[in-house]
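The structure appears right after this line, and notes come after that.
Index from 1, following the sequence. In listed order, ligands and their atoms are each counted from 1. Owing to the predicted nature of the structure, the values given are computational and were not obtained by experimental measurement.
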Amino acid sequence: MNPITHVAIIMDGNGRWGLKYKNNRNSGHKAGLLTVEKVIKETVKQKIKFLTLYTFSTENWKRPVYEINYLFQLLENFLTKKINLLIKNKIRLKIIGNKKAFTKKTKKLLDVAEKKTFMKDNVLQINLALNYGSKDELINAIKNLSKSKLNINHKNLEKYLYTNKIPDPDLLIRTGNTNRLSNFLLWQIAYTDIFFVKKLWPDFNENDYTKVLNKFRKLKRNFGQI
Ligand code: IPE
Ligand code: IPE
Ligand code: MG
């Protein structure tokens, strides 16, 4: 059985779900947040240490302003309302992505959430990928590495990624019946097993999640060997 230390998820399909059931995309984002809560609970139950959630990509700025505003409103509400619950359950929040683009208010909330949930004995670390783009992350890392006196090698490049000190994901799940990576963790998933799920994110549940985890546990991982 393969152990699982890190699960990464591309939570896709909110907009289509919203249009299908409520005639607007934003209600899909709201419903998707309930799935986030379910998945966090199950991740803790399964004793998995890291969960990375693709929440907003560098390309998502191309969406209509009302949708972007709604997404950040949801995020702010979540951070405000759930912070104590996270602390109580020993869940650490870390943001991966470029924080510079956020409003002062959002940035403050994110900084406070990261600070308040920082603990040495956390049971789970959630990495929220926000304004995250793998290509930006790599360019940034290469720039900083070349400014440093360090040799250019895998280990040193990884020091400059947002995911520094976070082990690579064991598996990546993408919901929403779309088989692409959309600029997510391109370096980090070199040997990650990828699972594409047909269900839209708001329809994904603990049972679907557990099924994928169990499927992964039974895989033969070669890492180039035989
Ligand atoms: C993913 O769902 C959530 C975010 C990108 C924030 P989408 O909003 O992309 O949903 P679809 O793919 O349009 O259905
Ligand atoms: C990826 O989904 C980003 C997030 C889930 C946050 P998108 O819906 O933005 O991806 P594309 O545009 O379909 O590739
Ligand atoms: Mg999408």
Option of least heavy-atom distance to atom 6 (C) of ligand 1 (set: Thr178, Thr55, Ile10): Thr55
Within-shell test, Arg174 vs ligand 2, heavy atom, strictly < 4.0 Å: yes
Ligand-side contact atoms (ligand 1) for residue partner Arg16, heavy atom cut-off under 4.0 Å: 11 (P), 12 (O), 14 (O)
Residue part near ligand 2, for Phe184, under 4.0 Å between non-hydrogen atoms: neither
Cluster companions of Met119 among Ile, Leu, Val, Met, Phe, Trp, Tyr (side-chain spacing under 4.5 Å): none
Pairwise distance CZ(Phe56) to CG(Leu128) - rounded to 0.5 angstrom: 13.5 Å
Atom indices of ligand 2 within 4.0 angstrom of Arg180 heavy atoms, with elements: 11 (P), 13 (O), 14 (O)
Atom 1 (C) of ligand 1 - nearest protein heavy atom and its distance: Met11 O, 3.0 Å
Test log, rule side-chain contact (heavy atoms from CB on, under 4.5 Å), inputs Ile87 and Ile83: CA-CA 6 Å; Ile87 297 168; Ile83 188 86; 4.1 Å; yes
Ligand 2 contacted by Arg63 (non-hydrogen, < 4.0 Å): yes
Any side-chain heavy-atom pair of Ile126 and Thr43 under 4.5 Å: no
Tyr209 and Ile173, any side-chain heavy atoms less than 4.5 Å apart: yes
Validation row: Thr103, Phe72 side chains within 4.5 angstrom (heavy atoms): no
Close approach, Gly176 and ligand 1, non-hydrogen under 4.0 angstrom: no
Parallel, tilted or perpendicular: ring planes of His6 versus Phe50, cut at 30 and 60 degrees: tilted
Geometric N/O contact Gly15 with ligand 1, under 3.5 angstrom: yes
Taking atom 9 (O) of ligand 2 as the reference point, the nearest protein heavy atom with its distance: Asn60 ND2, 2.9 Å
Sub-6.0 Å ring centroid separation between Tyr162 and Trp187: no
Subset of ligand 2 atoms that lie under 4.0 Å from at least one heavy atom of Asp12: 2 (O), 8 (O)
Atom name, Asp12 (N, O or S, nearest to the Mg ion (ligand 3)): OD1
Under-4.0 Å protein heavy-atom contact, atom 12 (O) of ligand 2: no
Which residues share a salt bridge (Lys or Arg N to Asp or Glu O under 4.0 Å) with Asp208, sequence neighbours left out: Lys199
Polar atom proximity, Trp17 to ligand 1 (N or O, under 3.5 Å): no
